[in-house]
Every structure is written in structure tokens, then in C-alpha cells.
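Here the structure is a predicted model, which means the values were calculated and not measured. All chains are named by letter (A, B, ...) in the order of the sequence lines, taking the proteins before the strands, and each is independently numbered beginning at 1.
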Amino acid sequence: MRVTNRQIADIFNETADLIDIDGENPFRVRAYRNAARTILSHPRNMADLVEEQFDLTSLKGIGRELAKKITEIVQTGKLSYLEKLKRIHPPGIEKLLKIPGLGPRRVRLLHEFLHINSLHDLENALRQDKLQSVPSFGPKLIEMIEKELKKRRYEEKRYPLSEADSVSRWLLETLCSAKGLIEIEVAGSIRRRSETVHDIDIVAAAETENDIMEHFTTLPEAERVLMKGPTRSSVILINGITVDLRVVPAENFGAALHHFTGSKAHNIALRKLAITKEMKINEYGIYKKGKRIGGEKEEDIYKKLDMDYIAPELRENRGEIVVAQQHRLPSLVSEEEIQGDLHIHTTYSDGTNTIREMALRAKEKGYEYIAVTDHTRHLAVAHGLDEKKAKKQLEEIDRLNEELQGITILKSAEVDILEDGSLDLPESILKELDLTVCAVHFKFDLSQQAQTKRILKAMEHPFFTILGHPTGRLIGLRDPYDIDMEAIIHAAAQCGCILELNAQPDRLDLNDIHCKMAKEAGVPIAISTDAHSVNDLDLMHYGIGQARRGWLGKENVVNTRGLKELKKVLKK
DNA sequence: GCCGTTTTCGGCCCGACTGTTTTCAGTCG
């Protein structure tokens with residue numbers, strides 16, 4: 001069984017946890033965590049790179065030692081160094097680090113003084129009132145640990161972007177009425193458009209006299225105030241989401257927004273760069289030789305560092321800083337550039353609106369075209385189209401295209417890719433369609449080899465246009481099916497196929513890393529909503545966010561083209 | 001453990017908030 005990047009990253013993170021508890025040099029701990037991050041966001045499998053004898057030390061944060069360890073993991077499936085650490089540490093002790101308030105030092109103290117090695121031990125010690133005997137464990141800390149244990153909050157929860165998005169919009173509206181507020185924005189991973197978020201970060205600029213913190217910490221929806229200071233506070237809302245609010249004077253707003261937008265890795269890299277230029281960046285501004293030279297606007301920071309402004313979606317320390325210094329950043333695709341939606345369901349299958357209703361709403365949105373892509377017969381749960389139903393739909397589309405002005409309905413279908421790689425519609429229908437969105441909807445558990453072969457076979461079909469939701473994942477619910485994405489992207493480039501970026505917030509499939517891979521391979525992307533109702537057409541912006549995270553520009557996205565240009569792309 | 005416009009040692013982002021050892025370490029983002 002081939003080792004995945006995720007497994008290698010997990011091994012490094014666990015190693016970092018254990019040596020952290022041991023009180024090792026914190027920079028050594030960080031080196032392991034940095035390497036885990038690099039590996040996780042690398043588009044290619046470490047296993048393949050090792051096989052190709054690729055020089056792993058050319059990767060950021062990976063030197064000789066960690067390159068050797070990666071090779072060992074790829075070859076043996078485990079890391080002997082970690083195995084050794086595990087032998088001298090009680091199993092599960094690193095889980096204690098997940099409890100807010102417990103860092104490596106306090107976990108070590110718990111172990112030394114009370115032999116606490118697991119969450120279970122910790123619960124027992126709490127019940128027996130033993131914790132106060134540990135140095136530096138006062139009543140407040142113990143109370144906090146007790147609450148955290150009760151709530152099981154140490155099982156880190158991540159929220160889908162769409163959920164956090166609506167909560168943050170509500171928060172902005174609510175806080176708007178606070179006295180002395182000048183400006184307020186959502187920062188953090190929501191602003192970077194991450195697929196899932198851990199908490200909500202909000203940054204506000206305000207007059208000296210303001211009641212924003214008071215307003216915030218006394219919201220009826222704030223179940224608990226975690227901390228409250230004059231410039232920074234944190235609450236847990238009744239729905240469980242943690243919200244951090246930072247309030248600064250207007251002159252510091254840009255720097256604060258930048259600081260709290262992150263990512264952490266991006267900020268660290270940028271600050272390191274600043275140091276080489278005898279500058280310093282903090283949440284109040286950018287400084288040269290102790291003198292503040294900017295920070296009112298976020299753009300100041302990049303400008304003073306002599307680099308292009310980096311959009312929040314790119315701030316992951318995945319090479320954006322170097323490219324910005326070279327003034328070679330891509331101009332990222334925006335929602336206004338989208339001319340149509342190429343994946344839409346109607347009442348012909350499992351959609352709730354008619355073709356006409358969908359077309360009219362698309363027209364309202366300023367689109368030039370939509371593709372109607374109802375399910376085919378194999379997907380019986382979705383009342384898929386058989387040949388007869390498909391014909392009827394095609395006739396209706398002809399009538400509507402004559403009748404409706406200003407919007408063109410393209411004939412299509414979301415065609416099932418059957419287990420043997422064939423398509424679930426007869427050629428007599430396929431040839432009538434303007435395009436197809438082909439997708440896997442069953443037999444998710446094939447081996448990587450079989451699943452990849454199935455999709456590659458389908459892509460060879462002359463009527464194959466777009467690979468719909470390429471990995472089939474449902475974020476937090478269903479893992480992607482096991483496919484060799486490199487092989488699929490390579491094949492798409494060869495045969496001129498398009499890959500879909502499905503904009504449904506629980507899919508966002510392709511992910512950012514695969515988007516970038518596709519772009520580099522010259523494979524075009526279709527950003528589609530997979531709308532099952534007129535309101536779903538508004539989900540496009542989630543796809544745009546993901547596309548921007550994947551470095552995609554207008555030229556990489558097929559549905560930024562007008563109808564005429566699009567048709568040229570579709571004609572293979 | 002990594003890294004180099006101060007290159008093979010000696011640094012490694014930076015500040016707010018909290019609790020408690022009452023002057024600062026630990027944690028967090």
C-alpha cells in the first residue's frame with residue numbers, strides 16, 4: 001500500500017507533539033510541523049518523488065534529515081524515530097495538547113507530578129481534586145480544563161466555509177451599530193476562502209471612544225466569553241463557533257487586517273523577509289529602523305516590501321511571496337468574469353425548478369448561457385433521464401431557445417460513468433448534446449488503479465467534455481475516491497478534456513492544489529454550481545474562492561468565455 | 001531541524017491576554 005502525503009504529515013506532526021512535550025528545542029519542533037505542512041500542500045505524492053529520486057531537500061523546510069525520514073516512511077510505512085518516541089511515551093499523551101490551555105510545558109508537568117498520560121487520567125485527577133497540586137495550576141486554569149473536558153471541545157471541530165460565512169455576515173451587521181466604529185471586516189480563513197474554518201476572525205477600526213468590545217462580549221448569542229481585553233476579545237457563540245475580535249485605531253487597520261487574515265505561515269514568511277530588509281511587521285504596521293512607514297492600508301505592507309499585493313486566497317506560503325517579488329502573480333479570476341453555468345439540474349431529474357425558471361434566473365444574473373445537465377438513467381434515485389425523456393428535454397430546450405432572448409440553453413447531461421468506463425447514454429443522444437458533464441456516482445470503493453482506469457477510459461470517449469466533481473468527496477462526510485489525479489490531469493491535457501470545479505460548498509471539488517496542478521498542465525477548468533434550484537445558482541462565489549486559491553486566472557476557466565468562444569473550446 | 005544579500009553557525013515572527021510563580025511564563029493566533 002502506497003503511503004500518502006497525509007500519512008507522512010501525520011507522522012511528522014505526531015513526532016512534533018512528542019518532542020514538544022519532551023521540552024525539545026521549539027524550533028526543532030517547528031521544523032517537523034513546517035515539513036508536515038509542506039508535504040500536505042505539495043501537489044505530488046512523496047512516494048512518487050522518492051521513486052523518481054527527486055531531491056526532496058529542494059522542498060521548502062525540508063533538509064537532509066527530514067528528506068531521509070520521508071524516504072524511510074515511504075519505503076517502510078513508518079518512522080523508526082517516532083516508534084522509539086512512542087515506546088518512551090505513554091500512548092495518547094499528545095491528545096492532551098488538544099485541550100485549549102494545555103501546551104507542552106503543562107502537559108509535561110501533569111505527567112511529572114500526577115502521572116497523567118491521557119484524557120482519561122486527566123478526568124480522574126480532576127474528579128479527585130488533584131490538579132491544584134501541580135505548580136502553576138490555579139483555580140482558573142483548572143476550571144477552564146474542566147469545562148473543555150465536559151464539552152469535548154478538544155476534538156477539534158471545523159465548520160464548512162458556507163456556515164461560517166453566514167455567521168460572520170450576521171456578526172458584521174450586528175456589530176455595525178456599535179458606537180465609534182469606523183470600519184469592520186472578516187479576516188482569517190474565511191477571508192482566505194478556506195474550505196473549512198476553525199473560528200471566525202473579525203477586525204475593526206474604531207475611534208478611541210467606542211463600545212465595540214462591550215457590544216461584542218455581551219451579545220445574547222455569545223454563550224461564553226473566553227477572554228476580554230481592550231483591543232482583543234474572544235467568545236464562543238451558542239452554535240459553538242469561536243469568534244475573535246480585534247479593535248485598532250484606523251491608522252493600524254490595514255496591518256491588523258493583514259495580521260489576522262494570515263495564514264500564519266504566510267505571515268511568518270513575510271516577517272522573515274522584512275527582517276532581511278531591516279524592516280519589521282506587526283499588527284500595527286510596517287517599520288523601517290524603528291520608524292513606522294505604513295499600515296493604514298493592507299497594500300502598504302506589500303508595497304514597502306517591494307512586491308505585488310497578494311490576494312488573501314493565495315496567502316498560504318505556497319510560493320506566492322517569491323512570485324509576488326518577481327511581479328509575476330496571476331490575475332485571479334473573479335465572479336464578474338463568469339459568463340455562464342455549465343452544470344444545472346431541473347425538474348427533469350432531481351432539480352426543483354423548470355428549465356425555463358433556471359434560464360430566466362441565469363439571465364438575471366447576467367449570464368449568456370447555461371448548460372442543462374440532468375442525471376442519466378443509472379442514477380435512479382435522481383430520476384435520471386432515459387433516452388425517451390432525454391429526447392423530450394432536447395425538444396423543450398429548442399422551443400425555449402427560440403422563445404427566450406438574451407440567454408442560450410446548452411443541451412447537456414450529467415452522464416454517469418459506468419463501472420467499465422462507458423457512458424450511460426446511447427450515442428444517438430450523446431451526439432445531439434452541446435457538451436457532457438461526466439461523473440462517477442456509484443462504486444466509490446474501487447482500487448486506485450481500477451477507479452483511475454474507469455475515468456481514463458471514459459475520457460477517451462469522443463463525447464466526453466467535462467469531468468464532473470472529479471474526486472466525489474463531500475467535505476467532512478465522504479472521502480474522495482481513490483484516484484491518481486496526476487494521471488487524470490495528464491490525460492485531460494492530452495485529450496483536451498475539461499475538469500470541473502464544483503462550487504457546491506460541501507464539494508469544492510477540485511481542491512485548490514489540484515486546480516493549480518491542472519493550470520500548470522494546461523487543463524481548462526469549468527467552475528459550475530451543480531445547481532438544483534434557482535437559488536443554488538448563487539453558489540458560484542464559493543467556486544470562485546476555491547479557484548482563486550488554486551491560482552486560476554480568467555484564461556484558465558472555460559466559462560469566463562462568451563458563448564461563441566466557449567463553443568470553439570467545446571468543439572474538439 | 002532548517003537555512004544563508006550577516007552562508008556552515010547562530011539565528012529562527014510577533015504581540016495580546018491570562019493566571020499566577022507578583023514580574024513573567026505559557027498559550028494562542
Inset, instruction - Using a 4.0 Å heavy-atom cut-off across all strands, classify A:K277 as base, sugar-phosphate, or nothing. - result: nothing
Inset, instruction - Would you mind reading off the distance between A:N252 atom CG and B:dG15 atom P, rounded to a whole angstrom? - result: 13 Å
Legend entry - A:N25 side-chain proximity, nearest of B:dG1, B:dG29, B:dC13: B:dG1
Inset, instruction - Report, as yes or no, whether the 6.0 Å neighbourhood of atom CD on A:E51 holds more than 12 heavy atoms from other residues, nucleotides or ligands. - result: no
Legend entry - Nearest-neighbour nucleotide for the A:I268 side chain, B:dG29, B:dC17, B:dC13 considered: B:dC13
Inset, instruction - Could you tell me which nucleotide pairs with B:dG10 by Watson-Crick or G-U wobble geometry, both distances under 3.5 Å, or answer none if nothing does? - result: B:dC3
Legend entry - Salt bridge present between A:R28 and A:D20 (N-O < 4.0 angstrom): no
Legend entry - B:dT8 versus B:dC3 - spacing of their C1' atoms, nearest Å: 10 Å
Inset, instruction - Give a yes/no answer on whether the side chain of A:S233 brings an N or O atom under 4.0 Å of OP1 or OP2 in B:dA16. - result: no
Inset, instruction - Would you kindly say whether A:N124 and A:R127 are connected by a side-chain donor-acceptor distance under 3.5 Å? - result: yes
Inset, instruction - Compare side-chain N and O positions of A:R64 against OP1 and OP2 of B:dC3 and report whether any pair is under 4.0 Å apart. - result: no
Inset, instruction - Measure from the side-chain heavy atoms of A:D201 and tell me the nearest of B:dG29, B:dC13, B:dT27. - result: B:dG29
Inset, instruction - For A:N282, report the nucleic acid contact type (base, sugar-phosphate, nothing); a contact means any heavy atom under 4.0 Å. - result: sugar-phosphate
Inset, instruction - Remember a base hit wins even if backbone is also touched, and classify A:N34 as base, sugar-phosphate or nothing at under 4.0 Å, heavy atoms. - result: nothing
Inset, instruction - Could you verify whether a donor N or O on one side chain and an acceptor N or O on the other, from A:Y159 and A:N239, lie under 3.5 Å apart? - result: no
Legend entry - Of the listed nucleotides B:dC14, B:dG1, B:dG29, the one nearest the side chain of A:R271: B:dC14
Inset, instruction - Using atom CZ of A:R158 as one end and atom C1' of B:dG29 as the other, report the distance to the nearest whole Å. - result: 13 Å
Inset, instruction - Look at all strands and tell whether A:P26 reaches a base, only sugar-phosphate, or nothing, counting heavy atoms closer than 4.0 Å. - result: nothing
Legend entry - Length of the NZ-C1' vector between A:K280 and B:dC12, whole Å: 16 Å
Legend entry - Proximity to the side chain of A:R246 - top-ranked nucleotide from B:dA16, B:dT21, B:dC13: B:dA16
Inset, instruction - Provide the distance between the two P atoms, one in B:dC12 and one in B:dT5, to the nearest whole Å. - result: 16 Å
Legend entry - Shortest side-chain distance from A:A31, nucleotide among B:dC13, B:dA16, B:dG1: B:dG1
Legend entry - Side-chain N,O (A:K69) to OP1/OP2 (B:dG1) below 4.0 Å: yes
Inset, instruction - Calculate the interatomic distance between A:L97 atom CG and B:dT27 atom C1'; express it in whole Å. - result: 11 Å
Legend entry - Separation between the P atoms of B:dC28 and B:dT23, rounded to whole Å: 25 Å
Inset, instruction - Please work out if A:L66 contacts a base, only the sugar-phosphate, or nothing of the nucleic acid, heavy-atom cut-off 4.0 Å. - result: sugar-phosphate
Legend entry - Aromatic centroids of A:H258 and A:Y302 separated by under 6.0 Å: yes
Inset, instruction - Write down the distance separating the C1' atoms in B:dG11 and B:dT7, rounded off to the nearest Å. - result: 12 Å
Legend entry - Note, A:F12 side chain near A:L66 side chain (heavy atom, < 4.5 Å): yes
Inset, instruction - Send over the distance from A:R28 CZ to B:dC9 C1', rounded to a whole Å. - result: 18 Å
Inset, instruction - Scan A:K264 against the nucleic acid and name what it touches under 4.0 Å (heavy atoms): base, sugar-phosphate only, or nothing. - result: base
Inset, instruction - Give the rounded distance in Å between these two atoms: CG of A:L102 and P of B:dG19. - result: 14 Å
Inset, instruction - Using a heavy-atom cut-off of under 4.0 Å over every strand shown, decide if A:T57 touches base, sugar-phosphate, or nothing. - result: nothing
Inset, instruction - Name the residue closer to the 5' end of DNA chain B, choosing between A:I142 and A:F27 according to the nucleotide with the nearest heavy atom. - result: A:F27
Inset, instruction - Kindly confirm or rule out a cation-pi arrangement of A:K69 over A:Y81, judged by NZ or CZ under 6.0 Å from the six-membered ring centre and within 45° of its axis? - result: yes
Inset, instruction - Counting heavy atoms from C-beta on, name the nucleotide in B:dG19, B:dC17, B:dC12 closest to the side chain of A:K272. - result: B:dC12
Legend entry - Selection from B:dC13, B:dG29, B:dA16 that lies nearest to any side-chain heavy atom of A:D244: B:dG29
Legend entry - Inter-nucleotide C1' distance (B:dG29, B:dC13), Å rounded: 12 Å
Inset, instruction - Look at all strands and tell whether A:L270 reaches a base, only sugar-phosphate, or nothing, counting heavy atoms closer than 4.0 Å. - result: nothing
Inset, instruction - Could you state the atom-to-atom distance from CD of A:E65 to C1' of B:dC2 in whole Å? - result: 11 Å
Legend entry - Interatomic distance where CG belongs to A:L273 and P belongs to B:dC3 [whole Å]: 16 Å
Inset, instruction - For nucleotides B:dT21 and B:dC17, find the distance between their P atoms and express it as a whole number of Å. - result: 22 Å
Inset, instruction - Indicate, with a heavy-atom threshold strictly under 4.0 Å, whether A:Y284 touches base, sugar-phosphate, or nothing. - result: sugar-phosphate
Inset, instruction - From the options B:dG29, B:dC13, B:dT18, select the nucleotide whose nearest atom is closest to the side chain of A:M227. - result: B:dT18
